[in-house]
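To keep things clear, I will list the structure first and then write my remarks on it.
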Amino acid sequence: QVQLVESGGGLVQTGGSLRLSCAASGRTFNSYAMGWFRRTPGKGREFVAVISWSGGNTLYADSVKGRFTISRDNAENTVYLQMNSLKPEDTALYYCAASISGVSREPRRYNYWGQGTQVTVSS
């Protein structure tokens, strides 16, 4: 019912910035919290950030707090992840997810998932 497509990944040098986008299509009139996760071979799946449907409530992983900013444009059915001061440890496959149950750090609370976009931070 909901399809999510990420974009904006790429190769960035340490200290650089990148903005990821997640475009939603399908049954987007429902109220979804939108989250960002990332996966690496060493750490597996890791929570990054989430934003409520209204945009009034956000949560961040400690590892990205102060560097990443999540936002959304409901009129465009798009959620963004602004990534600043990037570090090599931020290298991962980033994917977005939608939850009908509100903001959460737990992957099991999310109902729809995108395929991911690769972010690589070089030293």
State plainly whether one hydrophobic cluster holds both [X] and [Y], where clusters connect Ile, Leu, Val, Met, Phe, Trp and Tyr through side-chain heavy atoms under 4.5 angstrom apart.
| X | Y | value |
| --- | --- | --- |
| V64 | L81 | yes |
| V48 | Y112 | yes |
| L4 | I100 | yes |
| M34 | F68 | yes |

Can you list everything that forms a side chain to side chain contact (heavy atoms under 4.5 Å, CB included) with [X]? Sequence neighbours excluded, please.
| X | answer |
| --- | --- |
| R45 | F37, R39, Y95, P107, W113 |
| R105 | F47, L59 |
| S85 | R67 |
| V12 | L18, L86 |

(request) Flag the pair E89 / S63 as yes when at least one side-chain heavy-atom distance between them is below 4.5 Å, and no otherwise. (result)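 Not touching, per the 4.5 Å side-chain cut-off.
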
Residue pair [X] / [Y]: nearest heavy atoms and the distance that separates them:
| X | Y | answer |
| --- | --- | --- |
| R109 | S104 | CG-OG, 3.3 Å |
| E6 | W36 | CG-CZ3, 3.9 Å |
| A33 | Y110 | O-CE2, 4.4 Å |
| D90 | R38 | OD1-NH1, 3.0 Å |
| V119 | G9 | CG2-CA, 4.1 Å |
| I51 | V103 | C-CG1, 3.9 Å |

Donor-acceptor pair, [X] side chain versus [Y] backbone, under 3.5 Å?
| X | Y | result |
| --- | --- | --- |
| N74 | S54 | no |
| T14 | S122 | yes |
| T78 | A23 | no |

(message) Does I70 form a side-chain contact (heavy atoms from CB on, under 4.5 Å) with V79? I'd like the steps, not just the answer.
(response) CA-CA 7 Å; I70 189 170; V79 62; 3.9 Å; yes

Measure the [atom1]-[atom2] distance between [X] and [Y] for me, rounded to the nearest 0.5 Å.
| X | Y | atom1 | atom2 | result |
| --- | --- | --- | --- | --- |
| Q82 | S21 | CD | OG | 9.5 Å |
| Q118 | T91 | CD | OG1 | 7.5 Å |
| S123 | K87 | OG | NZ | 14.5 Å |

(request) Any pair with a residue in residues 90-123 that passes disulfide bond (SG atoms under 2.5 Å apart), sequence neighbours left out, goes on the list, sorted by first then second residue, please. (result)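 Those involving residues 90-123 are C22-C96.
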
(message) Before you tell me yes or no, could you show the steps for E46 and T40 under side-chain contact (heavy atoms from CB on, under 4.5 Å), namely the whole-Å CA-CA distance, both residues' side-chain angles and the distance that decides it to 0.1 Å?
(response) CA-CA 8 Å; E46 180 185 14; T40 63; 5.8 Å; no

(message) Within a 6.0 Å radius of atom CD on Q3, are there more than 12 heavy atoms belonging to other residues, nucleotides or ligands?
(response)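 Yes - once you tally the heavy atoms of other residues, nucleotides and ligands closer than 6.0 Å, there are more than 12.
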
(request) For side-chain contact (heavy atoms from CB on, under 4.5 Å), just list the numbers for S7 and T117, CA-CA rounded to whole Å, side-chain angles, deciding distance to a tenth of an Å, and then say yes or no. (result) CA-CA 6 Å; S7 62; T117 184; 5.7 Å; no

(message) I'd like to check the side chain to side chain donor-acceptor pair (under 3.5 Å) partners of Q1; sequence neighbours left out, ordered by chain and number.
(response)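 Q1 satisfies side chain to side chain donor-acceptor pair (under 3.5 Å) with no other residue.
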
